[in-house]
Amino acid sequence: MNLTMLTPGQSGEVAYVEQDHGRRLQDLGLIEGSQVQCLFRSPLGDPTAYLICGATVALRKKDAGHVILKRIWD
Amino acid sequence: MGLTRQAVGKNAGKTPKDVCIGGTVALMGNPNVGKSTLFNALTGLRQHTGNWPGKTVELAMGECKFGNQKCTVVDLPGCYSLLSHSPEEEVARDYLYTCDPKVCIVVCDATALRRNLGLVLQTLELTDNCIVCINLLDEAERKGITIDLEKLQSLLGVTVVGTSAGSGRGIHALRTAVANLLQKPSCSPIHLDYGKQTEEKIEKLLPAIKQRYPSFPNPRWLALRMLEGNAPLPSLYEGEPISPRFVPTILMGAAAWISKQCVFFSKPEGRVGKIDRLLTGKWTAFPLLFLLMAFIFWLTMQGANYPSEWLQQRLFALEEWLYQGSLGLGLPVWLCQGLWHGVYRVTAWVVSVMLPPMAIFFPLFTLMEDVGLLPRIAFNLDRGFQCCNACGKQSLCMMMGLGCNAAGVVGCRIIDSRRERLIAMITNSFMPCNGRFPTLIALLSMFVVGIGLAGSLQAALCLAGLLLLAIGATFAGSYLLSVTLLKGEPSSFTLELPPYRRPRVMQVLVRSMLDRTLFVLARAIKVAAPAGAVIWLLANISVGEGTLLQWVAAWLHPIGSFFGMDGVILLAFLLALPANEILLPLILMGYTGGGVLTETETLTGMKDILIAAGWDVKTAVCVLIFCLMHWPCSTTLLTIKKESGGWRWAILAAVLPTLVGLCLCAMIHWIF
């Protein structure tokens with residue numbers, strides 16, 4: 001289960017971020033246990049805006065795919 | 001970075017004065033927290049950029065009095081953490097431990113405190129003399145977020161001040177807090193526990209560090225960095241490095257815990273604002289943005305009309321008076337003509353025709369930036385950049401390029417990867433800068449749409465259309481570069497979409513307008529005047545059968561006409577290298593030879609001159625296209641050279657748009 005599977009409105013809990021891509025995403029608050037919510041998508045489909053630690057951050061599908069989730073809920 | 005005064009204003013690049021007696025106060029925080037607003041509120045007009053001792057990074061510095069101590073305030077680049085390797089973060093981190101400021105103010109966004117606290121905790125590990133400034137409290141109020149500042153203060157162990165820098169709330173309290181800290185540096189900031197194993201390792205390293213680096217302000221921080229294998233100084237640790245995820249996890253965990261105690265939401269988080277729904281909606285996003293740009297262009301044109309007319313009348317009347325006056329004083333005729341019909345006229349032209357639109361567009365654009373629209377535009381356009389293996393932040397640089405290409409190039413610093421930064425810098429001048437707008441508007445009004453109110457609406461739409469062409473060219477150029485000279489993998493991309501801010505309209509408009517006016521005026525004198533002199537001389541010095549101008553124009557003519565233009569136009573483009581806004585005056589001067597111009601003040605008068613010189617709609621379109629796509633102005637070229645570290649890329653930046661422009665012109669000329 002990874003971040004790209006969230007549709008707008010759904011939330012997820014982060015398990016971990018795959019190693020190579022860790023740094024920047026970590027700094028933004030994507031660490032084990034943090035909650036993420038999918039907000040909206042760009043009109044061309046990519047990137048997608050997520051609510052991370054209170055801030056709205058846009059991630060590309062490629063990068064969001066490296067964020068592994070523990071669980072998803074609406 | 002943005003279209004700030006520091007980037008394009010008068011004081012950019014000066015060396016800083018000596019650090020004030022009171023010492024330095026550093027401002028740091030995440031990007032988009034209102035740090036610059038705070039910086040401006042503290043330092044007012046007493047600011048400049050300067051080189052930080054020993055490095056080539058320029059930092060914004062200013063002066064402010066705290067209590068009775070005059071201090072230098074340094075605005076560090078926005079960063080998400082001190083632990084990563086991006087250039088901004090290294091600058092901030094290195095500044096803290098080499099320059100050891102007396103006070104460090106960490107500015108936080110009240111609407112995203114959980115994440116901002118991560119940086120606060122990292123900073124507290126590096127320096128004890130911290131003040132936490134929770135900014136944007138008014139925005140938080142509107143979103144239903146309340147923060148218990150006292151609880152936060154007791155948990156963090158340092159002074160916490162709440163502010164709304166935009167409206168000035170809390171600034172006084174902040175200054176008092178800094179003054180108090182300067183007098184009595186005593187804080188007991190929160191101490192994070194990294195668990196038994198790690199703490200033992202730290203204890204073991206500390207003596208060695210204190211011996212080897214006795215002057216390092218915070219040995220514990222250095223120990224942790226060595227354990228991670230991420231120390232800025234040669235490491236004294238020989239064992240297995242701890243996981244790079246370890247420290248951030250603890251920090252963010254602590255940040256989450258603290259924010260849970262202090263932040264209260266009365267409205268649910270994660271509601272998507274109506275504006276965002278529209279601006280990024282599948283069917284509404286692009287049409288809306290197109291209309292927005294068209295509206296801004298239209299406002300610019302309408303708003304510029306009256307000042308333009310007024311200036312033209314005054315300045316051209318003055319010209320005649322000055323001419324007669326100087327003749328009366330006994331100055332030789334050729335000198336009077338050269339001075340007033342050449343130099344003065346071109347300068348007056350730039351001031352009256354070019355300056356008003358620039359003085360209006362720039363502030364409007366800064367307003368857009370202030371509100372927070374630019375990241376949304378980047379968000380919408382990113383897919384295009386993905387296809388070009390470029391960085392989505394390039395669209396932000398493009399937007400800045402709309403104001404000034406040199407500022408756009410400097411703005412490319414927000415792109416981390418060098419390869420993507422180069423792509424952004426080289427293609428930046430496809431975006432028409434402020435100096436080109438008046439030319440485009442005038443040409444559109446004269447030859448494509450017509451003059452008058454309906455005409456100006458159509459012209460605005462055409463200009464927006466030209467903007468689309470420019471964006472398309474940028475994509476094409478970026479793609480071309482990414483498959484030939486600048487091949488590589490796209491880097492990871494994160495873009496923060498800050499909440500919309502209520503713009504400080506009057507402040508931005510007035511300040512930006514003044515700034516811009518002064519800047520363009522100064523440039524008019526420095527650049528337009530000499531250019532006017534050159535072209536007047538060329539037009540009036542005879543060699544053999546014709547003037548120098550005729551010779552040069554005739555020589556350039558075959559090249560020019562192949563591309564749908566002519567020799568004079570090409571010469572004007574070449575002479576307009578220092579500043580794009582002098583193009584039209586130079587063309588007109590080239591055709592009339594500086595003789596007594598009857599009616600250049602009005603667009604119809606200009607049109608008559610151009611038609612008499614052989615122009616038709618096709619010529620105008622070719623000139624429009626070439627104006628849009630030709631070599632960048634000299635300031636931009638120099639900036640590219642400086643930012644990229646060599647002339648190679650600057651030359652490429654000159655060649656690429658020129659080639660594209662010439663191809664399009666040739667196509668238009670020969671096919672239509």
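Just so it is clear: chains get the letters A, B, ... in the order the sequence lines come, proteins before strands, and each one is counted from 1.
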Peer 1: What residue in A/Ile52, A/Val57, A/Leu28 has the most heavy-atom pairs under 4.5 Å with chain B?
Peer 2: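 Going by pairs under 4.5 Å, I would pick A/Leu28.
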Peer 1: Taking side chain as everything from C-beta outward and backbone as N, CA, C, O, which of these in B/Gln386 sits under 4.5 Å from a heavy atom of chain A? Side chain, backbone, both or neither.
Peer 2: both
Peer 1: Which region of A/Ser11, side chain (C-beta onward) or backbone (N, CA, C, O), has a non-hydrogen atom less than 4.5 Å from a non-hydrogen atom of chain B, or is it both or neither?
Peer 2: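 Neither part, no heavy atoms under 4.5 Å.
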Peer 1: Within the distance-only criterion (no hydrogens, no angle test), does the side chain of A/Asp46 pair as donor or acceptor with the backbone N or O of A/Lys61 below 3.5 angstrom?
Peer 2: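 Here the side-chain-to-backbone pair exists.
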Peer 1: Return the option, out of B/Lys282, B/Glu496, B/Arg383, with the maximum number of heavy-atom pairs under 4.5 Å with chain A.
Peer 2: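 Of the candidates given, the most pairs with chain A belong to B/Arg383.
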Peer 1: Between A/Gln10 and A/Thr7 (side chain of the first, backbone of the second, donor and acceptor by atom type, cut-off under 3.5 Å), is there such a pair?
Peer 2: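 Looks like yes, one N/O pair under 3.5 Å.
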Peer 1: Which one wins on heavy-atom pair count under 4.5 Å against chain B: A/Pro8, A/Pro43, A/Gly9?
Peer 2: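 Of the options given, most contacts go to A/Pro43.
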Peer 1: Hey, does B/Leu117 have a side-chain heavy atom less than 4.5 Å from the side chain of B/Ser259?
Peer 2: yes
Peer 1: At a 4.5 Å cut-off on heavy atoms, which part of B/Asp276 comes close to chain A: side chain, backbone, both, or neither?
Peer 2: side chain
Peer 1: Is it possible for you to check whether B/Arg376 lies under 6.0 Å from the centre of the six-membered ring of B/Tyr500, through NZ or CZ, and within 45° of that ring's axis?
Peer 2: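 The answer is yes, since B/Arg376 meets both limits relative to B/Tyr500.
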Peer 1: Is there side-chain contact between B/Asn380 and A/Leu44, with heavy atoms separated by less than 4.5 Å?
Peer 2: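 Of all side-chain heavy-atom pairs linking A/Leu44 with B/Asn380, none is under 4.5 Å.
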